[in-house]
Amino acid sequence: MPELPEVETTRRGILPHLVGQTVQAAIVRQPRLRWPIPADLPETLNRLAIRTVERRGKYILIGTSRGTLIVHLGMSGSLRILAPDSPPRKHDHLDLILANGTCLRFHDPRRFGCVVWTEGDPLSHPLLAELGPEPLSEHFDALYLHGKAQGRSMAVKSFIMDSRIVVGVGNIYANEALFRAGIDPRRQAGRIALLRYEKLIVSIRDVLSEAIEQGGTTLRDFVNENGSPGYFQQTLQIYGRTGAPCRRCGEMIRTQRLGQRSTYWCPNCQH
DNA sequence: AGTGCGGCCTGTCCGC
DNA sequence: TGCGGACAGGCCGCAC
């Protein structure tokens, strides 16, 4: 399930194959994603030059001479660079064929992802306009997070997973970061001291950048742009380890649904 | 305004 | 072996 590190890994992987290329054709096999792919997308993209491949949160922004293709991988999506004649497989919903013959292919079994076209400033698009700061940017610091948390009663885990607060912290990394920071995921966001938010900021940054270095976590669905799986799941400290001993203190790891999401914590290490 | 939940999807896994 | 059901989860949109 692509979280920010997987999205960033994908972006870096496809970028050199796309920038400077021209779209020769677009093939839509299944338009019904989270939002339908417009029927005229192939026509719109025809002969456009790709200039940039950027990321905002978990959205990949493919910038062209006329507008931007906003791609979200949802739960199970992937973007891969393929040879011109690669036969499509199940759930290969969209191809962009480039002038040099290579193919950018969007694959997404669960179809929680999206491919949206926008002209004008992509950051002003409704999907992106309300997003919070990037977790790896300097704007994301303890003063900001602590300030935003004032008066908020929701669980801190739900709070850091809110993309208006900070982008790119999905369920796996929220669990991992809170474990590292020693914070109980159920604790109310507004009842955590500045100093502890300092620790949480560092944990979120570390967990995400380590995963980016390693090429992104793989659970079941993620395949990186080369088709080979990542391997960060081996280093997970808390996620999915219900009933297993805490790697730090040996206490049995607990689990509970929090805001419809599986939540894991060590009752001894996290308060 | 803040909070919490339903719904969208399919593949995988488990129990019968 | 087949089958139903639970589960996984990002994020929008809605109801309270």
Side-chain angles (χ1 to χ4, degrees), chain A residues 1-11 29-37 55-61 70-79 88-94 106-116 118 125-132 134-135 145-178 185-192 204 208 211 216-223 229-230 232-233 236 238-243 255-264:
Chain A
M1 44 216 67
E3 295 214 33
L4 188 141
E6 289 84 348
V7 176
E8 179 60 17
T9 301
T10 297
R11 186 191 73 84
R29 298 189 191 83
Q30 168 59 277
R32 294 182 56 208
L33 305 180
R34 181 176 185 101
W35 293 283
I37 297 177
R55 179 185 60 75
R56 179 74 178 96
K58 294 180 189 170
Y59 293 92
I60 291 175
L61 311 179
I70 302 175
V71 180
H72 197 292
L73 301 178
M75 280 288 303
S76 56
S78 63
L79 283 171
R89 296 201 265 180
K90 203 177 177 186
H91 308 306
D92 286 345
H93 306 314
L94 172 71
F106 177 77
H107 173 92
D108 185 7
R110 293 185 206 174
R111 288 193 270 134
F112 278 19
C114 67
V115 177
V116 173
T118 184
H125 189 278
L127 286 174
L128 306 183
E130 305 300 322
L131 294 180
E134 291 286 332
L145 202 52
H146 182 259
K148 281 281 182 190
Q150 293 318 294
R152 304 293 297 269
S153 63
M154 71 159 56
V156 62
K157 175 162 172 275
S158 308
F159 179 68
I160 60 171
M161 288 178 69
D162 182 342
S163 63
R164 287 162 301 188
I165 302 301
V166 57
V167 297
V169 183
N171 195 40
I172 296 172
Y173 295 109
N175 278 296
E176 293 296 316
L178 287 163
R186 301 166 299 171
R187 180 173 283 273
Q188 291 189 5
R191 297 197 173 183
I192 294 174
I204 291 173
L208 291 175
T217 299
T218 297
L219 289 181
R220 291 190 187 84
D221 298 315
F222 180 70
V223 175
F232 187 66
Q233 80 278 11
L236 294 177
I238 198 90
Y239 182 84
R241 300 193 64 243
T242 313
T255 185
Q256 178 186 310
R257 302 285 288 180
L258 199 62
Q260 310 287 83
R261 294 292 171 265
S262 300
T263 302
Y264 306 86

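Quick note on labels: first sequence line is chain A, next is B, and so on, each numbered from 1.
Nucleotide dG2(B) holds its C1' atom 12 Å from the CD atom of Gln188(A), rounded to whole Å. Leu258(A) has its CG atom 13 Å from the P atom of dG10(C), to the nearest Å. Atom NZ in Lys148(A) sits roughly 13 Å away from atom P in dA1(B) (whole-Å rounding).
Look at Lys90(A) and you'll find a side-chain N or O under 4.0 angstrom from OP1 or OP2 of dG11(B). The phosphate of dA8(C) (OP1 or OP2) has a side-chain N or O of Ser262(A) nearer than 4.0 angstrom. Within the 4.0 Å cut-off from OP1 or OP2 of dC12(C), not a single side-chain nitrogen or oxygen of His72(A) is found.
Using modelled atom types and a 3.5 Å distance limit, the side chains of Thr263(A) and Arg257(A) yield no donor-acceptor pair.
Counting non-hydrogen atoms under 4.0 angstrom, Arg32(A) reaches the backbone sugars and phosphates but no base. Within the nucleic acid shown, Arg152(A) comes within 4.0 Å of sugar-phosphate atoms alone, with no base atom in reach, counting heavy atoms only. Counting any heavy atom pair closer than 4.0 Å across all strands shown, Phe159(A) reaches no nucleic acid atom. Using a 4.0 Å heavy-atom distance criterion, Ser153(A) is classed as a sugar-phosphate-only contact. Contacts of Ser158(A) with the nucleic acid, taken as non-hydrogen atoms under 4.0 Å apart, are absent.
Comparing atom distances between the Arg111(A) side chain and each of dG4(B), dT10(B), dG7(B) picks out dT10(B) as nearest. Out of dG11(B), dA8(C), dC9(B), the shortest distance to the side chain of Pro109(A) is found at dG11(B).
The environment of CZ in Arg191(A) is sparse: at most 12 heavy-atom neighbours from other residues, nucleotides or ligands sit within 6.0 Å. More than 12 heavy atoms of other shown residues, nucleotides or ligands fall within 6.0 angstrom of atom CD in Gln150(A).
To the nearest 0.5 Å, atoms OG1 (Thr9(A)) and CG (Leu4(A)) are separated by 9.0 Å.
Look at Phe112(A) and the base of dC8(B); the rings stack, centres closer than 5.5 Å and planes less than 30° apart.
The residue among Leu33(A) and Gln260(A) whose nearest nucleotide of DNA chain B is located toward the 5' end is Gln260(A). DNA chain B is contacted by both Ala155(A) and Arg261(A); Ala155(A) maps to the nucleotide lying nearer its 5′ end (nearest heavy atom per residue).
Side chain Arg110(A) to base dC8(B): no donor-acceptor pair is found below 3.5 Å.
Judged by Watson-Crick or G-U wobble contacts below 3.5 Å, the nucleotide dC13(B) has dG5(C) as its partner.
Remark: side-chain polar atoms of Arg55(A) are paired, donor with acceptor, to backbone N or O of Gly57(A) under 3.5 angstrom.
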